[in-house]
Amino acid sequence: MVLPLVNLCAKEVVSDHSSSPGWLGCVPRELYRPLLEAAFTNCRPLAVGELVQRWPERTLRAGGRRQGQSPPNRLCVQALLLAVVRGLSDRRCALEVLDLCGLQCEEGGVGDPMGGWSLTVALSTMVVQARAAAQKALGREGERERKRVLAIERERDVVKRERGGGLQEGEGGGLLVESVRKEKEETSGCLREDQQVKGVRRRMEMERRKESAAVAGGKGEADSEVDSEVVVCVRADLFVNARSWERVRAALGTTGPLKLQCRYVRVEELSVSSIGSLLDLLPRHVLLGVDIRYSCLGVAGLALLLPQLSMFPMLCSLRLHYCNLDIRRDMAGQEGAMKDMSQGLGKLSQLRRLSLTALRLPGHLRMLLSSFPQPLEVLELPYLSLTPADLSYLSCSPHASSLQQLDLSENRLDELALPSVRRLLSQASSCLMQLSLSGCGLTDGLLAAMLPSLSCCRGLKSLGLALNPLSMAGLLDLVRTAVRMPSLRQLLYPNPLEDYQPGLPPMPSSAQLLDWPLDELVEVHEATSLQLDRVVMESGRSDLLLTCDLLNYNKDLVEQ
């Protein structure tokens, strides 16, 4: 990749920190952004801090990495956060919105990036410390003003004594005392007003915010009072679990110069009450998605949370992973709670993405999905124990013709379910871009019957079929079909049965295929790769990626 000249120059400028005093004072504001990107890319935390502390624009977005771009180093992120706090008292800094959405990554990645949990803790700590620092500075300022008022009083007393000899106590003395009192009140009032403006970089900015708050009649008086203290709004994706919950709650409940806003929140191992308390603290018009994992909700617990979720008008994504919604057991009140949950889902009017992983809800898909007022665009149902009746409803539902991403992994697909799956693919053929059928027990015969429907999906870009018991012949048929799909960019294929060590059952499950060792002979794997590569080369498809690597496969890397 050829870098633009400005990026090359920015890299050279930030590489030598000793030269920063020379260029920081004269660099035009248009070059701050490429300089900051170069500082992130080349891991220059000192340059990051100096640039952010005097950031000349109202908005700074450090998240949302482009494809192939590595995440910022942990030290650079920490330097950015420290510089934001320092910039609160720097008149050269015009920052009002810091957007860190999409900045976090998985913990322990290459280059020591900052993971979601670490970033959440760092942001929460920054918000709380900024509030404490503002209160401390306000206290110091108040002490200075108190001393100034006392000094003024002493001066007035001296003037009073000097003039007291020529004035009667009941006449001029009373007038003098009254004038001193009025002047003291006026001075104290001015000082208090200046003290309120202290910490905001420009008085005009404060007036503009007050006017904006007055125009927006929907906000309450208390909200306007809180927002008047905010200097910088920090937008981020938060990762909250039992260890970070207290810090996040303190940060969200704190009013001060930094206000923490959340776009996507991921919750792990929290109780229903704690999740409800967290939702109460989140700003209403910012939250786009909620991801709840490994929390024992139950159907009744989820039914309690859904009315709170409906209060977020922009919420478009809801993910529930391993939240124990098992209703197969005969328990009193489960059906009623299920109806409450269905009605609660129906109130999420803007929801476009629903992910339900391992919730064990066989036979209830109609009740779950029929209440939505708008069709879903992303539907992920892995490990859901779907029945043929569930798939039959899905293939005829309003969602089928709007699905862009569909995940049915680890749901057993047999001859009874095959007609519904084919009808579903036909309905979604014009819009489906990502499809995962990994671990669905697809044999050579089932896949052969499904391939014509798959080939009709004109916009399909990513297809996952790992952990299906296919022979080498069935795998070759799959690849021959894939190369004839011009939009397809990624194919996650299963290792053929011939590549496994002897002893594998005739109809192995996905768990057996995952645990069973592959043949250690290199010639076996090379023979499989050569045959697949030959099919791809003969088709002239250099843009199609074939992989059987489950660990490194990521369907989201496909360009939309």
Side-chain angles (χ1 to χ4, degrees), residues 24 27-37 39-40 48-64 72 76-103 119 122-135 137-138 194-216 218-219 222-238 251-263 282-288 314:
L24 271 174
V27 63
R29 59 179 298 170
E30 293 81 5
L31 295 181
Y32 268 76
R33 194 169 296 276
L35 285 169
L36 182 61
E37 291 180 357
F40 274 132
V48 169
E50 290 176 334
L51 290 167
V52 173
Q53 183 174 341
R54 57 181 74 193
W55 192 252
E57 301 177 6
R58 294 180 183 272
T59 302
L60 170 57
R61 188 176 184 216
C76 291
V77 177
Q78 292 172 344
L80 181 148
L81 300 182
L82 291 174
V84 170
V85 178
R86 291 197 300 266
L88 295 173
S89 58
D90 195 327
R91 295 184 177 274
R92 297 166 297 184
C93 185
L95 185 64
E96 292 182 1
V97 177
L98 174 63
D99 192 343
L100 301 178
C101 297
L103 178 65
L119 180 60
L123 285 173
S124 302
T125 303
M126 177 184 71
V127 171
V128 174
Q129 290 179 348
R131 172 61 173 174
Q135 290 178 335
L138 193 62
D194 292 340
Q195 188 174 348
Q196 291 175 356
V197 180
K198 190 75 174 178
V200 181
R201 301 181 193 91
R202 307 175 195 82
R203 185 187 295 269
M204 292 179 62
E205 288 294 328
M206 178 67 80
E207 297 299 328
R208 182 185 63 80
R209 293 182 182 185
K210 289 181 179 179
E211 292 175 3
S212 301
V215 172
K219 297 190 72 173
D223 292 338
S224 300
E225 188 175 318
V226 170
D227 289 345
S228 65
E229 301 180 20
V230 177
V231 178
V232 179
C233 290
V234 183
R235 299 171 182 169
D237 302 330
L238 301 182
L252 291 173
T254 295
T255 58
L258 297 181
K259 183 176 182 179
L260 187 58
Q261 297 179 338
C262 178
R263 185 187 65 164
L282 296 177
R284 294 282 185 243
H285 294 274
V286 181
L287 188 67
L288 299 181
M314 305 299 292

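Along the sequence shown, residues are numbered consecutively beginning with 1. No experiment lies behind these values; they were computed from the predicted model shown.
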Peer 1: Identify the heavy atoms of Q261 and P283 that sit nearest to each other, and give their distance.
Peer 2: CG-CG, 4.1 Å
Peer 1: Working to the nearest 0.5 angstrom, can you tell me the gap between R54 CZ and R29 CZ?
Peer 2: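 Spacing of CZ (R54) from CZ (R29) equals 14.5 Å.
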Peer 1: At what distance, to the nearest 0.5 angstrom, does CG of L100 lie from CZ of R235?
Peer 2: 11.0 Å
Peer 1: Once rounded to the nearest 0.5 Å, what's the spacing between atom CZ of R33 and atom CG of L60?
Peer 2: 6.5 Å
Peer 1: From the options V77, L80, L35, L82, select the one residue that forms a side chain to side chain contact (heavy atoms under 4.5 Å, CB included) with V48.
Peer 2: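 The single option meeting the side chain to side chain contact (heavy atoms under 4.5 Å, CB included) with V48 is L80.
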Peer 1: Which heavy-atom pair separates A251 from L260 by the least distance, and what is that distance?
Peer 2: CB-CD2, 4.1 Å
Peer 1: Hey, does the side chain of R131 reach the backbone of T254 with a donor-acceptor pair shorter than 3.5 angstrom?
Peer 2: no
Peer 1: Roughly how far apart are W55 CH2 and E50 CD, rounded to 0.5 Å?
Peer 2: 14.0 Å
Peer 1: Write down the atom of A39, the atom of C76, and the distance for their closest heavy-atom approach.
Peer 2: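 The answer is O-SG, 4.0 Å.
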Peer 1: To the nearest 0.5 angstrom, please state how far the SG atom of C93 sits from the CD atom of Q53.
Peer 2: 8.0 Å
Peer 1: Shortest non-hydrogen contact from V127 to L258?
Peer 2: CG1-O, 3.6 Å
Peer 1: Report the distance from atom CG of D237 to atom CG of L119, rounding to the nearest 0.5 Å.
Peer 2: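 Between atom CG of D237 and atom CG of L119 there are 8.5 Å.
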Peer 1: Which atom pair, heavy atoms only, marks the closest approach of V286 to C262?
Peer 2: CG1-O, 3.3 Å
Peer 1: Where do Y32 and L24 come nearest, in terms of heavy atoms and distance?
Peer 2: OH-O, 3.9 Å
